[in-house]
Amino acid sequence: MNGVGTQVGMIAFVVIYLSGCANVRITDPSRTATEQFLLSQAVIQAVEPFSFDALMGRKVYLESEFFAANEKEFVLGEFRAKMLLSGIQIVNERENAEIVVEIRSGGVGIDRYESLLGLPALLMPSFASMATDTPMATLITPELAISKKVKQVSFASVAYVAYWADTGEVVASSGPSRGKTWREDWWFFGIGPRSVGNVPTVDHKTK
């Protein structure tokens, strides 16, 4: 009986343990946190110098039809916030506006540079595929790096022109205002990253 009771107890324990297991679903956004910081800070720098004194107290419609840069939503949001804080009343309908502001961009994006002292990872055909002449999974050799650097530089260019809604006469305009942010990540003998830059660094430590 003791043996039977022990087995029943073990089975009950396993059932209870398994019933408490759960799978955690992990998803990744299309952009990393570092990339988002780089882009958003560059946009903030580009919008910061704008002055809207000539538009203060007016009803303004923000026209984004000619704005085709990436990160459109964030750029427009930052631009709108700057206008509102400058005392401008933004209207949702063009017909209700005294002034129309058209915003445009020369580009918003990130350039990436990598350098490696050592041996990069290489794709090599498997021996089985070479012998049988049939497609199979390739082999990837590990990266052997004495030192490695990844540098990301973000650029944002924003400009606008404002004109009277009824006559089209220009009220104010700006040349391209540019923002630039950067970050470098270093690895030495596989230890890292050590990060430097002018954007908030992402702390990968769990505690």
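All values derive from a computational prediction rather than experimental measurement.
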Original post:
Does Leu39 reach the side chain of Ile110, with side-chain heavy atoms less than 4.5 Å apart?
Top reply: yes

Subject >> Side-chain donor or acceptor of Ser173 paired with backbone N/O of Val161 under 3.5 Å >> reply: no

Original post:
Between the side chain of Glu63 and the main-chain N/O of Glu65, is any donor-acceptor distance below 3.5 Å?
Top reply: yes

**OP:** Mark yes when over 12 heavy atoms from residues, nucleotides or ligands other than Arg80 sit less than 6.0 Å from its CZ; otherwise mark no.
**Re:** no

Original post:
When rounded to the nearest 0.5 angstrom, what is the spacing between OG in Ser105 and NZ in Lys72?
Top reply: 11.5 Å

**OP:** Identify the two heavy atoms, one from Ala162 and one from Leu55, that lie closest to each other, and give their separation to 0.1 Å.
**Re:** CB-CD2, 3.9 Å

Subject >> Distance, nearest 0.5 Å, that separates NZ of Lys148 from CG of Leu117 >> reply: 13.0 Å

**OP:** Please name the pair of heavy atoms, one in Ala42 and one in Ser154, separated by the smallest distance, quoted to 0.1 Å.
**Re:** CB-OG, 3.6 Å

**OP:** Tell me whether Tyr61 is reachable from Met56 by hopping between hydrophobic residues (I, L, V, M, F, W, Y) whose side-chain heavy atoms are closer than 4.5 Å.
**Re:** no

Original post:
Does Asp166 CG have over 12 foreign heavy atoms under 6.0 Å away?
Top reply: yes

Original post:
Are Val100 and Phe66 in one and the same hydrophobic cluster, where Ile, Leu, Val, Met, Phe, Trp and Tyr link if side-chain heavy atoms are under 4.5 Å apart?
Top reply: no

Original post:
Between Arg112 and Glu114, is there a side-chain N and carboxylate O pair less than 4.0 Å apart?
Top reply: yes

Original post:
With no hydrogens and no angle check, is any side-chain donor or acceptor of Ser177 less than 3.5 Å from a backbone partner on Ala46?
Top reply: yes

**OP:** Look up atom CD1 in Ile88 and atom CG in Leu62, then write down how far apart they are to the nearest 0.5 Å.
**Re:** 9.5 Å

Original post:
Side chains of Thr181 and Asn198: do they bring a donor and an acceptor to under 3.5 Å?
Top reply: no

**OP:** Measure the shortest side-chain to side-chain distance between Ile90 and Met83 over non-hydrogen atoms and say whether it is less than 4.5 angstrom.
**Re:** yes

Original post:
What distance do Asp53 atom CG and Ser86 atom OG have between them, rounded to the nearest 0.5 Å?
Top reply: 7.5 Å

Original post:
If only atom types and distance count, is the side chain of Glu35 paired as donor or acceptor with the main-chain N or O of Thr32 below 3.5 Å?
Top reply: yes

Subject >> Lys/Arg N to Asp/Glu carboxylate O, Lys59 vs Glu98, below 4.0 Å >> reply: no

Subject >> Note, Trp164 side chain near Val171 side chain (heavy atom, < 4.5 Å) >> reply: yes

Original post:
When rounded to the nearest 0.5 angstrom, what distance separates CZ in Arg104 from OG in Ser64?
Top reply: 14.0 Å

**OP:** Side-chain contact test, heavy atoms from C-beta onward, threshold under 4.5 Å: evaluate it for Lys149 versus Tyr113 and give yes or no.
**Re:** no

Subject >> Same apolar cluster (I L V M F W Y, side chains within < 4.5 Å links), Leu116/Phe189 >> reply: no

Original post:
Is it the case that more than 12 heavy atoms not belonging to Lys82 sit under 6.0 Å from its NZ atom?
Top reply: yes

Subject >> Note, Val60 side chain near Gln89 side chain (heavy atom, < 4.5 Å) >> reply: no

Original post:
How about Phe188: does its CZ atom have over 12 heavy atoms from other parts shown lying under 6.0 Å from it?
Top reply: yes

**OP:** Would you mind reporting whether Phe155 and Lys180 have side-chain heavy atoms less than 4.5 Å apart?
**Re:** yes

Original post:
Would you say the side chain of Lys151 lies within less than 4.5 Å of the side chain of Val153, judging by non-hydrogen atoms?
Top reply: yes

Subject >> Polar contact flag, side-chain donor to acceptor under 3.5 angstrom, Glu184-Trp182 >> reply: no

Subject >> Close side-chain approach of Val196 to Arg183, heavy-atom, < 4.5 Å >> reply: no

Subject >> Pair listing, ring-ring contact (aromatic ring centres under 6.0 Å, His included) test, anchored in residues 71-108, at least two apart >> reply: Phe50-Phe79, Phe52-Phe79, Phe79-Tyr160

**OP:** Give a yes or no on whether Val101 and Val91 share a hydrophobic cluster (residues Ile, Leu, Val, Met, Phe, Trp, Tyr; joining criterion: side-chain heavy atoms under 4.5 Å apart).
**Re:** no

